[in-house]
Amino acid sequence: MPTLTEPSVLVARDLAPADTAGLDPSKVLALVTEEGGPTSHTAILARSLGIPAWWPTTGLLAWARCTA
C-alpha cells in the first residue's frame, strides 16, 4: 500500500479489507478497483469511511499501463 502525501484516487486490482480499514479519508478521494462489488467487505468499509468507490472496472489496469 503506498503512502499518500496528497489527496489521490487509489487504483488497484483489489484491496483487502485490512488495507481499506487503514485508509485515510483525507488522502483517499476515491477507490477504483478491477475486482470486487458493492457488497464486498472492502465496499462496506469504504462506505463507512465516506470514501466513494467504483468496481468492477474490468481492464482498468491494462488501460492505465497503455496510457502511462
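Atoms considered below: every heavy atom in the structure, side chains included; atoms not considered: hydrogens, waters and symmetry mates. On a predicted model such as this, the values are computed, not experimentally measured, just so you know.
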- Item | Interatomic distance, D24 atom CG to S8 atom OG [nearest 0.5 angstrom] | 11.0 Å
- Note on the structure: Distance col, row I44:CD1 vs T39:OG1, nearest 0.5 angstrom, shows 6.5 Å
- Task: Please report the closest heavy-atom contact between S26 and P7, naming both atoms and the distance.
- Result: O-CG, 3.9 Å
- Note on the structure: Contacts of E35 meeting salt bridge (Lys or Arg N to Asp or Glu O under 4.0 Å) (sequence neighbours excluded), chain-then-number -> none
- Item | Shared hydrophobic cluster for L10 and W55 (ILVMFWY, side-chain gaps under 4.5 Å) | no
- Is the backbone N or O of T33 less than 3.5 Å from a side-chain atom of T57, with the two atoms forming a donor-acceptor pair by type? yes
- Indicate yes or no for a side-chain donor-acceptor contact from S40 to the backbone of G36 under 3.5 Å, with no hydrogens or angles considered. no
- Message: Distance check, rounded to the nearest 0.5 Å: T20 atom OG1 versus R47 atom CZ?
- Response: 11.5 Å
- Interatomic distance, L15 atom CG to L45 atom CG [nearest 0.5 angstrom]: 10.5 Å
- For I51 and A30, the nearest pair of non-hydrogen atoms, with its separation, is CG2-CA, 3.9 Å
- Item | Interatomic distance, T58 atom OG1 to E34 atom CD [nearest 0.5 angstrom] | 6.5 Å
- Item | Distance-minimising heavy-atom pair for P38 and A43 | O-CB, 3.5 Å
